[in-house]
Structure formats: structure tokens, C-alpha cells
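Below is one structure; the comments refer to it alone.
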Amino acid sequence: MSLPVDAMGADGAHARRWMHEGAAQAHVEGQSALHFEAGAPRNISIFGLGYVGAVSLACLARDGHRVTGVDIDQGKLELLRNGQAPIVESGIQELTRTVTRNGAVTVTDSVRDAILATDLSFVCVGTPAQGNGDQDLTAILRIAEQIGAVLPQKQSQHVIVVRSTVKPGTVEGMIAPAIESASGLQAGQDFSLCFQPEFLREGTSIHDYDHPPMTVVGAGDDYGAELLRAVFGHLPCEFVRTTIRTAEMLKYACNAFHATKVTFANEIGRVSQAVGVDPHEVMRLLCLDRQLNISPAYLRPGFAFGGSCLPKDLKALLYLAKRQDVELPMLGAILPSNAAHIEQAIERVLASGRRSVGMVGLSFKAGTDDLRESPMVVMAERFIGKGLNLRIYDPAVNIARLIGANRRFIEESIPHIASLMTDDLRSLVRDAEVLVVGMKSPETLLALAEHTRPSQLLLDVAGLADRGAHRAQYQGVCW
Ligand SMILES: NC(=O)c1ccc[n+]([C@@H]2O[C@H](COP(=O)([O-])OP(=O)(O)OC[C@H]3O[C@@H](n4cnc5c(N)ncnc54)[C@H](O)[C@@H]3O)[C@@H](O)[C@H]2O)c1
């Protein structure tokens, strides 16, 4: 039985909500928090019985849920009716036979029957690539309309979870409107809509289902998020709730990262082979480094890299490969990508139309005086070239004391640098129309907090922790 209840939404608006048997509502610090019994059997429908759907169907049924599988492919439905899995995958035939025999699984091509029989739906239809690379959303939008047409007939709150990979904005910008216009209902109020990226890999998908790296749920309302916590909270990993768009983007970021790792190892393999080095040994040792290599180090969006080692050594590696006629397209694209990152920061400042720029930080890394290949120096050069009025503050850089290659580099890049540098951080912050902040020292933060004005533009290339602790107009370099 389901009971309609009125509850105060997180935004304070009264919303029509439904409370299922088994869901309890507690009030915590003035906000409503829903709790569903962890692991309790649920009525679940799965739309699309390909790799993702067939594995989810078998594993959810194994975990005690009553599962309805939906597909337009009659051949797949027939296989499941006969206790056979519609995919080839380690362990899936045995598991499918077991769960279909004990009556936990129903299959149908009727969206209506599936929605009316269940409270929670996973959408796992394909989102294949079109000729131009964009994804084909025909199947998922069709399903959304069909589900929407049935929802008004339901007496209980329905939770729809998109598991197909879709671009950021698709769930809220396309799928929600499709369901809403077909149903006349509102997402987050009359039904729940979530996005839960699927991390399984073909070949090891049952193992991956049971041991995901994390469970990530993008949710716009508590109801769907908490129901999913009850269904998946037992898995041996962190359960993370985030926004729908973050969860959508995360899936692309993960797959792009995996593809990057494969290509990186292969490019290192090709150049190693060409120069007679064992690539397996190189990569084995690379993976031994859990501080800088296999770690979160260097994996936060920030400013461009620079300094005396990374650009120089990358150039040398690319030259080595060229001499051996080895193509390294990915490694070869890194320096242009790094330059593009600096360029878009420069363009932000130039596009503002403001003429007076204050740069906080000049060296390639805060706290050092190494100016070689510093992205901040590249920016300064461009600002000078464009005739902007530039002042620079960096307490670690004392031009008079610079020696050797470091001195030669800065003299060639910005000959009159000394005349642009100031020790007076406060007046630099006060006077500039645009501040480019590449340091987050306590004195920088204090000066920003005390001396910025609402008319100033603040371009953050350092990743300030507190983005609101100043009065300027804030822009992050890539956030
Ligand atoms: N295969 C993987 O390892 C994997 C992993 C993570 C995420 N994903 C993503 O999950 C989604 C599904 O991938 P897959 O490999 O399972 O796809 P798939 O092509 O194997 O299966 C899709 C299924 O959807 C069915 N379908 C199509 N239109 C339908 C409709 N209108 N109603 C009901 N069923 C319909 C198809 O008949 C097919 O059985 C994709 O977005 C994919 O990117 C896949």
C-alpha cells in the first residue's frame, strides 16, 4: 500500500509526495530525510536488456528483488522466458537460469505493464554514436515518453534511474521534459529522476556489479537518492550522492581517463620498443610510484604546467620518437593543449577590455623563484605585448638575485621585468582592474579580502579555496 503525504521540500515549497510502505520520514534540523529499509525487496523494472540491463536484471533478482525486464527485441525476451541470458558474459547464463527458475523475473515488451508493476525503473537502452560523434538519443527519449504516458495512472511515487551513458544536461534538459510533457507531472515532485553511471566492464560484469569502484547517484530529490541507497548501499564501496550533471560528466571523464591511460601505456610501449627498452618493465616501475603516478596527484583542474622539467623532458621524448619514426599523437598533443590552456586564460583578460592588470605570482610554482617555462611569464609577455598596464607581485622572485638559466630566461622573455615588479601587494590588488591570482598564500588571501572592489575582475589560476572571500567578480580558469 502507498500513502500520499504532504511534505515540505528542501526548497521550502509544499510538494505532493508519496510515502511507500517501508519508507520512513524523519525530520533532521528542519529538513525532511527519508529512510528506506536497506536491502528490502523492491519491484524493479529494467528497460533495455543489453549488457548493462541483462547483468542488472540477473544481479538484482539474485539480491531478492522482483524484476521486470523490458526490451523491444522479442528474441531477447524469448531467451529470458526460457531461462537464458540474452548476452554472452562470464557467469551470466548460470545466474540467469537460477533467477528465472525461481520466479523472480518477468519479461515484457509493454512499458505500461512494467511501470504499473514496479516502483523503481532502470533505463539501460543503448545510446550509440551517430556519424558526427554525437549520441543517438532516439531510444532513450522514446522510453521517456512511454514511461511518462503511464505515470499518471500510478498511485505511488515512481523512481526512474537513467543508467545509459548520456551527455551532461541530457537528463534534466531532455529526458525530464519528455517525461513531464507526456505525463503532465513534475520531476522531483511527482516522480523522481536520477542518473547513476554504470561502471561495469564487459567480460567481468557480474564481478564488477558486485565490486564497483563507487556508487554514484546524481539526484535532484531525496526520494530517489534514498531509495537507491537502500538498494545499492550494501555494496563494498562508497555511496556518493551528487548532482545529476556531475554524475553524467563523471562517466565521460572516467571513460576518457581509461582511454588516455591505455593510449599512454601504448605510446610509451612504442617508443620504448624502438629504443630497445622493455616497455613492460618501464610501466611496471611507473606503477610502483603511488605518490606521483598512480595517485590523485596532478588530477585536479588547475593552471597549465611549466617549470624546468616537464616541458623540456616531454620535448626530448617527442624528439627521440621522431628520430625513430615512431608516431606519438597523444603525447605530441600535450604541449599544444597546455598552450591552449594558457591562451584561454589570456583571452579572458583581453576580452574583458580592461587595461590595468595585476598579477599575483610569477614563478611556475608558488614559493620558488624558478621562472623557466612559467605559464605566468607567458601571460605577462602577452599582456605587455598588448600594451596593457601590468604590475607583478611575487615575493619569492627577486630579479636582482636571479642567476644562470633562470636569469637568461626571464631577460629574454621580459627584458624590463624588474620595473614591473612590486613589493606592495595591497596597492597592486587595490589598483588593478583585472587581478590574475596564481598564489594562495595567507598574505594574498588577506589582501584580496581587504582590498578588492566589485568592479574588478579576479581570474583565479591558483584554485582559491574560498572563492567568495573577496569583493571582485570571480572567474576560475577552468572551473
Ligand atoms: N556495455 C557496457 O559495458 C556499458 C558499461 C557502462 C555503460 N554502458 C552504457 O549503457 C547503455 C547500454 O549499453 P549496452 O551495452 O547494455 O547496450 P546494448 O546495445 O547491448 O543494449 C541496449 C538494449 O536496449 C534495447 N532497446 C533499444 N530501444 C529500446 C526501447 N525503446 N525499449 C526497450 N528496449 C530498447 C535494445 O534492444 C538492446 O537490447 C549505453 O548507454 C552504454 O553506453 C555500457
Side-chain angles (χ1 to χ4, degrees), residues 253 255-347 361-385 396-397 402-415 417 438 461 477-478:
N255 276 350
F257 190 43
H258 300 165
T260 302
K261 292 209 301 186
V262 170
T263 306
F264 175 81
N266 289 343
E267 290 200 358
I268 293 295
R270 291 207 295 275
V271 67
S272 299
Q273 182 190 43
V275 295
V277 175
D278 177 358
H280 289 292
E281 185 62 357
V282 172
M283 289 307 293
R284 188 182 74 78
L285 296 175
L286 182 144
C287 293
L288 274 186
D289 176 354
R290 306 249 156 195
Q291 290 182 33
L292 301 181
N293 293 346
I294 311 301
S295 78
Y298 307 120
L299 281 174
R300 300 275 188 273
F303 200 32
F305 64 80
S308 62
C309 293
L310 265 51
K312 167 178 82 70
D313 295 348
L314 198 47
K315 283 176 197 163
L317 183 67
L318 291 170
Y319 185 71
L320 177 69
K322 195 163 74 177
R323 293 279 306 260
Q324 301 293 329
D325 285 333
V326 174
E327 297 272 344
L328 301 180
M330 193 179 89
L331 292 173
I334 291 174
L335 289 171
S337 175
N338 202 46
H341 202 58
I342 303 172
E343 194 56 35
Q344 70 110 25
I346 293 168
E347 281 305 320
L362 186 65
S363 65
F364 96 98
K365 195 187 279 181
T368 83
D369 69 349
D370 197 347
L371 299 174
R372 290 171 295 171
E373 303 270 0
S374 165
M376 296 294 273
V377 171
V378 177
M379 289 185 90
E381 276 183 278
R382 282 290 299 281
F383 296 151
I384 294 165
V397 177
L402 289 181
I403 51 169
N406 203 8
R407 186 180 190 97
R408 273 197 304 281
F409 175 79
I410 199 66
E411 281 174 352
E412 281 165 17
S413 306
I414 310 176
I417 180 103
V461 301
V477 67
C478 65

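From a predicted model like this one, the values you see are computed outputs, not experimental measurements.
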Can you measure from OG (Ser337) to CG (Leu335) and round to the nearest 0.5 angstrom? 9.5 Å
Atom pair OG (Ser308) and CG (Asn406), whose distance is rounded to the nearest 0.5 Å: 9.0 Å
Rounded to the nearest 0.5 Å, how far apart are CG of Asp369 and CD1 of Ile403? 8.5 Å
Count the heavy atoms belonging to other residues, nucleotides or ligands that lie under 6.0 Å from CD of Glu281, then report whether that count exceeds 12. yes
Side chains of Ile417 and Val397 in contact at under 4.5 Å (non-hydrogen atoms): no
Heavy atoms only: give me the nearest Pro279-Val277 pair and the separation to one decimal. CD-O, 3.0 Å
Enumerate donor-acceptor pairs with a distance under 3.5 Å from any side-chain N or O in residues 300-307 to protein atoms, sequence neighbours excluded.
none

Contact check, side chains of Glu343 and Arg382, non-hydrogen atoms, under 4.5 Å: yes
Side chain to side chain donor-acceptor pair (under 3.5 Å) against Glu381, all qualifying residues, sequence neighbours excluded: none
Output the distance between atom CD1 (Ile334) and atom CG (Leu310), rounded to the nearest 0.5 Å. 9.0 Å
If you take all heavy atoms of Ser363 and Met376, which pair is closest and at what distance? O-CG, 4.3 Å
Ile342 and Met379, any side-chain heavy atoms less than 4.5 Å apart: yes
Can you tell me how far CG of Asn266 sits from CG of Leu328, rounded to the nearest 0.5 angstrom? 11.0 Å
Residue pair Glu267 / Leu331: nearest heavy atoms and the distance that separates them: OE1-N, 2.9 Å
Got a sec: does the CD of Gln273 have more than 12 other heavy atoms crowding it under 6.0 Å? no
Closest approach of Ala274 and Gln324, non-hydrogen atoms and distance? O-OE1, 3.5 Å
Rounded to the nearest 0.5 Å, the CZ atom of Phe364 sits from the CZ atom of Arg372 at a distance of 8.5 Å
What is the minimum heavy-atom distance between Cys287 and Arg290, and which atoms define it? O-NE, 3.6 Å
Salt bridge (charged side-chain N to carboxylate O under 4.0 Å, His left out) contacts touching residues 314-328 (sequence neighbours left out): Lys315-Glu373
For Val477 against His341, the heavy-atom pair lying closest together: CG1-NE2, 4.3 Å
Before accepting this row, confirm whether a basic side-chain N of the pair Arg407/Glu411 lies closer than 4.0 Å to the acidic partner's carboxylate O. yes
